[in-house]
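Notes follow once the structure below has been shown.
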2 protein chains.
Amino acid sequence: MLGAHTRIDAAENDVMNVKTLCLGVLELGEASGYEIRKMTQDGRFSHFVDASYGAIYPALSALEADGLVSWREERHPGRPERKVYSITERGRVALIAALNEETRDDVIKSEFLFVLRFCELARPSHVKSELDRRIAWLEAQLARLEEARQSGCGTASSFAQGYGQAIYRAMHEYLVGNRHDIEDIAGRGLIGRDAAE
Amino acid sequence: MLGAHTRIDAAENDVMNVKTLCLGVLELGEASGYEIRKMTQDGRFSHFVDASYGAIYPALSALEADGLVSWREERHPGRPERKVYSITERGRVALIAALNEETRDDVIKSEFLFVLRFCELARPSHVKSELDRRIAWLEAQLARLEEARQSGCGTASSFAQGYGQAIYRAMHEYLVGNRHDIEDIAGRGLIGRDAAE
DNA sequence: CCTCACATGTAATGAGTTACATGATTGG
DNA sequence: CCAATCATGTAACTCATTACATGTGAGG
């Protein structure tokens, strides 16, 4: 048990915010702000977080001010200079504290599902293109995960990926399986056929 | 096609925000602010949206100011007075406009998955309790959806529910199937066994 | 009696997004 | 030559959350 005097606050008081996210990523290995962003966009964290540069860079500065991360400059010829951050001992303690907080419910905002729910009101061609886009995206995600799976990794890290894979597959199967029905309902909707435009 | 002069802006310019959400809910039938909230919490919209009272009530006021919704007072004996909102013709047009915008990617923030990803750093008992909570929640969601399915509804509305059901089931199966492995990894983690407290 | 569900609203606060600002290098 | 990728950062802004404020009636 950490004594009261050694207690280091988890970055504020919910499990996940951009600071904790950065600590988590850095726990897996040093990285630049740019890389952290990428990991939340299409990388290993993309199934459950997202953060913009405007959030990540200030978060890293704040973490540094609190001594939870440190950085060094790195220059590869032919590349811009980058700041490679690492987690410190204090940072590790803060991360662990955050990880032991009670989690909040997931936040899911899906504009796609909202449109799907009201597909009889939208233009059929729009519904169709949204469906196609989504299916293509799911296929890309599944391919990416499959690739990651084959190149090893294992251990705990694979749970999040397996979880993502299970969900993507379920979504994909559902959408492909219902595509015709959805398009059919959209086609018979209140808007009727597509207006010329 | 709506002529330029008849164009009514979709509530600002992304598909989903609290205003559009309210319009969508009201399109299915009149409702009070309180009811809208409930639907995003555990109701028919809970798989893909969420909004607090602090967002819904101002949104309804703004929609009313724009003539997109109207309301009447309703008093049931033994209940507080409530404002029952309905969508107007203009509101319908605005909703349809929003529905035809290109959707953004889903936003998913899962503190649970974040903890799962780093389960070897959290206290094993904490990981276990988070897992149990999540599995129980999924079971409740599935039971609720099953109930809704049996009491009819059909048509387009069921797509969102079926989609939710597919995803919940995938999550549930995954978590239950991996529960022992996850607990095992958590138990062998860096924190080791639970400290006394 | 106390808490929970019902019901509406406002004010303070905040976390994060978007847009801006800048710049090097590589590949088509 | 232009676009894309790599790379860091700030300022303005916005949307929504949290907390506050208030009140009724039912049920344990």
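Reminder, nothing fancy here: chain letters follow the sequence lines and each chain counts from 1.
When the P atom of D:dG25 is taken as reference, atom CD of B:E81 falls 12 Å away, rounded to whole Å. Note: CZ (B:R82) to C1' (D:dT24) measures 15 Å, nearest angstrom. One can place NZ of B:K109 at 12 Å from C1' of D:dT17, the figure rounded to the nearest angstrom. Rounded to whole angstrom, the span from the CD atom of A:E35 across to the C1' atom of D:dT8 amounts to 13 Å. One can place CG of B:L60 at 12 Å from P of C:dT10, the figure rounded to the nearest angstrom. B:R104 has its CZ atom 12 Å from the C1' atom of D:dT14, to the nearest Å. In this structure, OH of B:Y85 is placed 8 Å from P of C:dT8, rounded to the nearest angstrom. For the pair B:I108 CD1 and C:dG16 P, the computed distance is 17 Å after rounding to whole Å.
With salt bridges taken as basic N to acidic carboxylate O contacts below 4.0 Å, one links B:E74 and B:R72. The existence of a salt bridge linking A:K38 and A:D42 is excluded, since no basic side-chain nitrogen approaches an acidic carboxylate oxygen closer than 4.0 Å. Taking 4.0 Å as the cut-off between side-chain N and carboxylate O, B:R149 and B:E146 count as a salt-bridged pair.
The shortest distance between the side-chain N/O atoms of B:S61 and the OP1/OP2 oxygens of C:dG9 is not below 4.0 Å.
Of all nucleotides listed (D:dA16, D:dT8, C:dT8), D:dA16 comes nearest to the side chain of B:N17. The listed nucleotides are D:dT10, C:dA5, C:dG16; the one nearest the side chain of B:Y34 is C:dA5. Residue A:P80 places its side chain closer to C:dG23 than to any other of C:dT8, C:dG23, D:dT8.
Annotation: ring pair (Phe, Tyr, Trp, His ring centres under 6.0 Å) contacts of B:Y163 (sequence neighbours excluded): A:Y174. The ring pair (Phe, Tyr, Trp, His ring centres under 6.0 Å) search around A:F114 returns A:F118, not counting sequence neighbours.
For the 3.5 Å distance criterion, the side chains of B:T103 and A:R133 qualify, holding a donor opposite an acceptor. Counting only N and O atoms by type, the side chains of A:N17 and A:T20 include a donor and acceptor under 3.5 Å apart.
Only B:G54, listed by number, bring a heavy atom of residues 36-56 of chain B to less than 4.0 angstrom from any atom of DNA chain C.
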